[in-house]
*Asks:* 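Encoded as structure tokens, here's the structure I'll be asking about.
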Amino acid sequence: MKKSTRAQTATSLPAAPRDEAASRMTNYFITMGVRVTCFVLMVVVTPYGWYTAVFALGAIVLPYIAVVLANVGKDTRPTAPENPGRALTGTASTPPTPPSRPTVIRLDEQRPTEPGEPT
């Protein structure tokens, strides 16, 4: 069992799933907004030159990047191995000795008798 000596604080808790999803959606919409801007600049800016190819590359590649970034969760909590020696708090002891004579429990069951019936 994992046991920590530190108290859990509100700042050590991970972000709520709702907040994390909202953050990922915001990043997705910003990236797609940059993609639309690249597409518009590719068409509008004249004369066409090397920068038109840069805008086209941005319009083609940014959707992939936006989807990948939107699907990646933010797992920023460091995962350090825990020393198993810390979990052991007790010391080894000898097993209990059995009693000298076995304990027997006897139960005598009787069914209820009807009035006038012999017991």
Side-chain angles (χ1 to χ4, degrees):
M1 174 180 226
K2 214 172 185 184
K3 193 174 190 181
S4 176
T5 58
R6 297 182 321 162
Q8 183 99 13
T9 63
T11 56
S12 68
L13 295 174
R18 178 183 62 232
D19 296 339
E20 184 182 357
S23 171
R24 290 188 289 149
M25 283 178 39
T26 302
N27 289 339
Y28 177 79
F29 288 135
I30 289 171
T31 307
M32 291 308 283
V34 171
R35 180 218 181 194
V36 169
T37 304
C38 284
F39 186 74
V40 169
L41 289 174
M42 179 184 69
V43 174
V44 171
V45 175
T46 54
Y48 300 120
W50 63 270
Y51 45 84
T52 306
V54 172
F55 292 144
L57 185 66
I60 293 169
V61 173
L62 280 175
Y64 174 77
I65 293 172
V67 169
V68 169
L69 291 178
N71 288 332
V72 173
K74 293 183 180 175
D75 187 20
T76 58
R77 299 183 83 186
T79 55
E82 185 169 331
N83 184 1
R86 285 183 27 183
L88 301 174
T89 57
T91 59
S93 63
T94 59
T97 58
S100 59
R101 63 182 187 152
T103 306
V104 177
I105 300 174
R106 268 181 206 248
L107 297 174
D108 292 327
E109 295 184 16
Q110 295 179 353
R111 65 179 181 86
T113 59
E114 296 290 326
E117 185 178 314
T119 54

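Computed from heavy atoms alone, side chains included, the values below leave out hydrogens, waters and symmetry copies. Because the structure is predicted, anything quoted here is derived from the model rather than measured.
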*Asks:* Hey, any chance Met32 and Val36 share a hydrophobic cluster, counting ILVMFWY side chains that come within less than 4.5 Å of each other, even indirectly?
*Replies:* no

*Asks:* Do you know which of Val67, Leu69, Val68 makes side-chain contact (heavy atoms from CB on, under 4.5 Å) with Asn71?
*Replies:* Val67

*Asks:* Does one hydrophobic cluster hold both Tyr48 and Leu41, with members joined at side-chain heavy-atom distances below 4.5 Å?
*Replies:* no

*Asks:* Using every non-hydrogen atom in the two residues, find where Arg35 and Ala59 come nearest and quote the distance to one decimal.
*Replies:* NE-O, 2.9 Å

*Asks:* Are Trp50 and Val44 grouped together when hydrophobic residues (ILVMFWY) are joined by side-chain heavy atoms under 4.5 angstrom apart?
*Replies:* no

*Asks:* Would you mind reporting whether Phe55 and Leu57 have side-chain heavy atoms less than 4.5 Å apart?
*Replies:* no

*Asks:* Taking all atoms of both residues into account, what is the closest heavy-atom pair of Val34 and Leu62, and its distance?
*Replies:* CG1-CD1, 3.6 Å

*Asks:* If you look at every heavy atom in Thr46 and Tyr51, which pair is closest and at what distance?
*Replies:* C-OH, 4.4 Å

*Asks:* For the side chain of Thr37 and the backbone of Gly33, is there at least one donor-acceptor N/O pair under 3.5 Å apart?
*Replies:* yes

*Asks:* Can you list everything that forms a side-chain contact (heavy atoms from CB on, under 4.5 Å) with Ile60? Sequence neighbours excluded, please.
*Replies:* none

*Asks:* Closest approach of Met42 and Ala56, non-hydrogen atoms and distance?
*Replies:* SD-CB, 3.2 Å

*Asks:* Nearest 0.5 Å, please: how far is CZ in Arg18 from OG in Ser23?
*Replies:* 13.5 Å

